[in-house]
Every structure is written in C-alpha cells, then in structure tokens.
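Below is one structure, written out as structure tokens; comments come after it.
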Amino acid sequence: MLTGSCLGLLTAAGATLWGDPPSAATVSDPAVGAIPEDRLLRPWGRLPTTARIGTGITVGPTGEIALLHRAGTAFAHDAVIDTDTVVVLNPRDGTVRRTWGAGRFRSPHSITADSAGRFWVTDVSTNKITTFDAAGRQVGELGHDYPTGLETCLRVRNVLSNLPCTLDEYIFARPTDVAVSADGSIVVTDGYRNSRVARFDTHRVLTRQWGELGDQPAQFNIPHGVALDSNGAVYVADRRNARVQVFNADGSVRHVWHSSALGRPYDVAIGPDDAVYVLDGGDLLDENNGEQRGYVCRLSTAGQVTHRWALADQRANPHQLAIGVRGEIYVAALAGAPLWRWASQ
C-alpha cells in the first residue's frame, strides 16, 4: 500500500510532468460579410483521380504549380504511399505536366519550391525534410532517424507536456513547413510535437533555433507554416495560438498579429510584391465544435487585413497557401477538391 507521502510525491511528479500546456486560442467570429463572386477561389486543375486530400501547394520559379496530396490516406499514415503524391501543373490551363513521389512518403505535409526549381517536402511520419530536383529525383534529406523509444516518448508527451524526451537538434518531431532564403539557407517549422523554428545554412548545419510550447511571444502551439520576405524577416503561422508571429533573422520578435479578422492562420505566404498573405483554415481541428472556414487575407505592414478572398466552399478545410507570379492565389485543401485558385479577371 502506498503511504500518504508516496502518494504526495507521485501527485507532485504527475503535476510536474503534466505541465500547463496552452489550450487552443478561441477565434471570435470574424463577422465577414458576403465575399463578391470575383473574390472567390474555385476548384482548379485537371487532376488525376488519385489526387485526394490536398496538403501542400507551391509555385516554382517558372510559374509551374505543384500540388502535394496524400492520395486519400489519413494524417500520420505510417505505410509508404505507393502512388505519385506530387502533381506539377501548367499554370495557364491546369493540365498535368508530370507527377512523381510514389514510394517516397508516408504522410507528406507541405511542399516548397526554391529559386533553383528544387522542391522541399516535409513528412510528419518519416520526420524528414526531403529535397527533389524539378523532375522529382531525390537530391537531399535532412533529419536524423529516431532512436529506440523516442516515438513512444513523444506520444506520451502529447498528454504529459513536460515529459523529457531526448532529441538532438537534427531530429524533427512532425515538421510542418520549410521556407528557403535567397542564399539557399532554410527555415523549418517543427511542428506538431516540437514547438520551434530552426534555421539551417546551405550545408544543412543548424545555425539558430528558437521557441518552446506556450502562448507568449516567441512561443508556439503548432507552428504550422513559415515564409520569408525579401529582407529576411520570418513569418510563422502559429496555428493553435491563432496568430502570426514575425521575427527578425536572428529570431528576435518583431510583431505578433492576432485578431478576429485574421482568424486562425494555417499558413502564411509572401507575394511577388512582398505583400503578406495569410490562410485562415478555420477551427474544426482546433476547437470543440469548431467552425469550418476558408479565407485568404492580405495584410498591411501593421498586420491589418486589407483584402479578403474566400473559398467558394467553406467546408474545404484549407491547409497550405501559395501566391503565383501574377498574384494568383492557390490553396491546397483537405476536403473535397484538393486544389483551389483565384486569378484577377
């Protein structure tokens, strides 16, 4: 039988391990009026029937559109997907130019094209970031393998947020997104089980990292998307905290943007004119009985919403955002049509 003192120690230890993780921020109804027809995103692209559950979207340096999808598999699917999961499209008419990715991924999450035409793909089941050339040939991989027991520890840490799990700096825990700078260095949001932003140089050596679980500035609760502007500022879609955090290149906080008009940022993208766009992915996955929404907002330099677009189907569960070379808006969505587009008439 446990004595009172033993029970007290166990209770204290449990409270310490449990921690005080922040709950998801509640998003007030943005009270958006009707969006004009000419600002609605609609399904786009002549996609193969296997392209289901759109999870990532990017625009390459030549204007090609690359859609990343999960081929209908669930989030954190553990088996290798045996069909092509990347569809590269002609930006003029949405016809397929090539597909690739079969046998490469388990649960791909985001895709980013760099200025050299390479693609960077995160996978939340392999916990790797893989680089491919324009033809889909693998040319690099970042991320150490998990040692024995780490996966179990991380699963338990989802409940006991202070449980110590040993990760080296090159182990990712469900990484969510990558942004590539002009000099070839990268910034990674990591992610569902880590709460950090990590910067790697052109040799893939870690040079800086910041963040921890929480809701204060420079803390994160699912850093879900990342983008860089032309001056090197880092924009992070801090999903469960329902905000965008903006950092200087050294990781110091520049701005924290949170408002009902902004909604719940799932992703952030920088347009050709350095304008900031944010994808409001709704609250379905983050709040009990959360609202389904799908909006794209353009922000002022002060983080105020200046323009707004909407997916024609607000139940699409949008996931990642990209801006085309002429200001077109592309969104990958988890439900229904996997790819949505808006272009100026």
Side-chain angles (χ1 to χ4, degrees), residues 39-45 47 51 53-70 85-94 96-99 101 108-122 129 131-132 134 176-182 186-189 224-230 234-237 239 244 265-281 294-299 307-311 316-334 337-344:
R39 285 187 175 267
L40 293 179
L41 283 78
R42 301 188 184 280
W44 183 80
L47 301 174
I53 307 184
T55 186
I57 188 71
T58 192
V59 179
T62 64
E64 287 186 327
I65 313 305
L67 171 71
L68 177 70
H69 65 89
R70 297 206 306 254
T85 52
V86 177
V87 183
V88 181
L89 303 169
N90 185 324
R92 292 190 297 275
D93 58 11
V96 175
R97 286 184 169 172
R98 58 193 178 277
T99 65
H109 189 267
S110 70
I111 186 169
T112 303
D114 65 20
S115 59
R118 293 170 299 207
F119 295 99
W120 302 72
V121 180
T122 62
I129 298 165
T131 315
F132 301 87
T176 49
D177 200 11
V178 177
V180 186
S181 68
I186 65 170
V187 177
V188 178
T189 44
H224 197 260
V226 64
L228 303 172
D229 69 15
S230 62
V234 181
Y235 297 75
V236 177
R239 187 179 111 186
V244 172
Y266 265 54
D267 198 16
V268 60
I270 306 298
D273 57 355
D274 241 18
V276 179
Y277 294 78
V278 172
L279 176 64
D280 174 8
Y295 293 110
V296 176
C297 305
R298 177 169 165 151
L299 307 184
H307 300 77
R308 186 186 299 275
W309 296 259
L311 275 69
N317 296 343
H319 193 256
Q320 193 177 17
L321 169 69
I323 307 300
V325 295
R326 295 180 179 82
E328 306 94 335
I329 298 173
Y330 297 93
V331 168
L334 302 174
L339 176 56
W340 298 71
R341 179 180 185 262
W342 173 88
S344 179

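- Between Pro61 and Ala116, the closest heavy-atom pair is CG-C, 4.5 Å.
- For Ser181, the side chain to side chain donor-acceptor pair (under 3.5 Å) test picks out Asp183, Ser185, with sequence neighbours left out.
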Checking side chain to side chain contact (heavy atoms under 4.5 Å, CB included) for the pair Val226/Val234: CA distance, chi angles, key distance, verdict?
CA-CA 7 Å; Val226 64; Val234 181; 3.8 Å; yes
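- The residue from Thr112, Leu68, Thr55 that alone fulfils the side chain to side chain contact (heavy atoms under 4.5 Å, CB included) condition with Val121 is Leu68.
- Arg341 is linked by a salt bridge (Lys or Arg N to Asp or Glu O under 4.0 Å) to nothing, counting only residues two or more places apart in sequence or in another chain.
- A distance of 9.5 Å separates NE2 of His224 from CG of Leu279, quoted to the nearest 0.5 Å.
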Between side-chain atoms of residues 265-275 and protein atoms elsewhere (two or more places apart, or another chain), which donor-acceptor pairs fall under 3.5 Å?
{"residue": "Tyr266", "atom": "OH", "partner": "Asp286", "partner atom": "OD2", "Å": "3.4"}
{"residue": "Asp267", "atom": "OD2", "partner": "Leu321", "partner atom": "N", "Å": "2.9"}
{"residue": "Asp273", "atom": "OD1", "partner": "Ala275", "partner atom": "N", "Å": "3.1"}
{"residue": "Asp273", "atom": "OD2", "partner": "Arg298", "partner atom": "NH1", "Å": "3.4"}
{"residue": "Asp273", "atom": "OD2", "partner": "Arg298", "partner atom": "NH2", "Å": "3.0"}
{"residue": "Asp274", "atom": "OD1", "partner": "Ser230", "partner atom": "N", "Å": "3.2"}
{"residue": "Asp274", "atom": "OD2", "partner": "Ser230", "partner atom": "N", "Å": "3.4"}
{"residue": "Asp274", "atom": "OD2", "partner": "Ser230", "partner atom": "OG", "Å": "2.6"}

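- Residue Thr85 holds its OG1 atom at 12.5 Å from CD1 of Ile53, rounded to the nearest 0.5 Å.
- Between Pro338 and Ala51 the shortest heavy-atom distance is CG-O, 3.4 Å.
- Checked against side chain to side chain donor-acceptor pair (under 3.5 Å), Asp114 has the following partners two or more places apart in sequence or in another chain: Arg118, Trp120.
- Here the CG atom belonging to Leu67 is positioned 13.5 Å from the CH2 atom belonging to Trp340, to the nearest 0.5 angstrom.
- A search for side chain to side chain donor-acceptor pair (under 3.5 Å) contacts involving Thr58 returns nothing, not counting sequence neighbours.
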Side chain to side chain contact (heavy atoms under 4.5 Å, CB included) between Val86 and Thr99: does it pass, once the steps are laid out?
CA-CA 5 Å; Val86 177; Thr99 65; over 6 Å; no
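- For the pair Val59 and Ala322, the tightest heavy-atom approach, listed with the atom from each and the gap, is CG2-CB, 4.0 Å.
- Residues Ala337 and Pro43 share a closest heavy-atom pair of CB-CB, 3.7 Å.
- In this pair, His319 and His109 present their aromatic rings perpendicular. The plane angle is above 60°, beyond the 30 to 60° band.
- Atom OG1 in Thr131 sits 11.5 Å away from atom CZ in Phe119 (nearest 0.5 Å).
- Scanning for side-chain contact (heavy atoms from CB on, under 4.5 Å) contacts around Ser110 gives Thr122, Asp177, Gln320, with sequence neighbours left out.
- Proximity of a side-chain donor or acceptor of Thr176 to a complementary backbone N or O of Thr189 within less than 3.5 Å is detected.
- Residues satisfying the side chain to side chain donor-acceptor pair (under 3.5 Å) criterion with Asn90, sequence neighbours excluded, are absent altogether.
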What verdict does the side chain to side chain contact (heavy atoms under 4.5 Å, CB included) test give for Ile57 and Ile65, after you've listed the backbone C-alpha separation in whole Å, the side-chain angles of each residue and the deciding distance to 0.1 Å?
CA-CA 7 Å; Ile57 188 71; Ile65 313 305; 3.5 Å; yes
So Leu339 and Val87, side chain to side chain contact (heavy atoms under 4.5 Å, CB included) or not? Walk me through it.
CA-CA 11 Å; Leu339 176 56; Val87 183; over 6 Å; no
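- Scanning all heavy atoms of the two residues, the minimum distance from Pro318 to Gly294 falls at CG-CA, 3.7 Å.
- The salt bridge (Lys or Arg N to Asp or Glu O under 4.0 Å) check on Arg326 picks up nothing, with sequence neighbours excluded.
- Here Trp44 pairs with Tyr330 under the ring pair (Phe, Tyr, Trp, His ring centres under 6.0 Å) rule; sequence neighbours left out.
- Judged as a salt bridge (Lys or Arg N to Asp or Glu O under 4.0 Å), the pairs with a partner in residues 53-70 (not counting sequence neighbours) are, in order, Glu64-Arg97, Glu64-Arg98.
- The two atoms that bring Trp309 and Ile329 nearest to each other are CD2-CD1, 3.4 Å, heavy atoms only.
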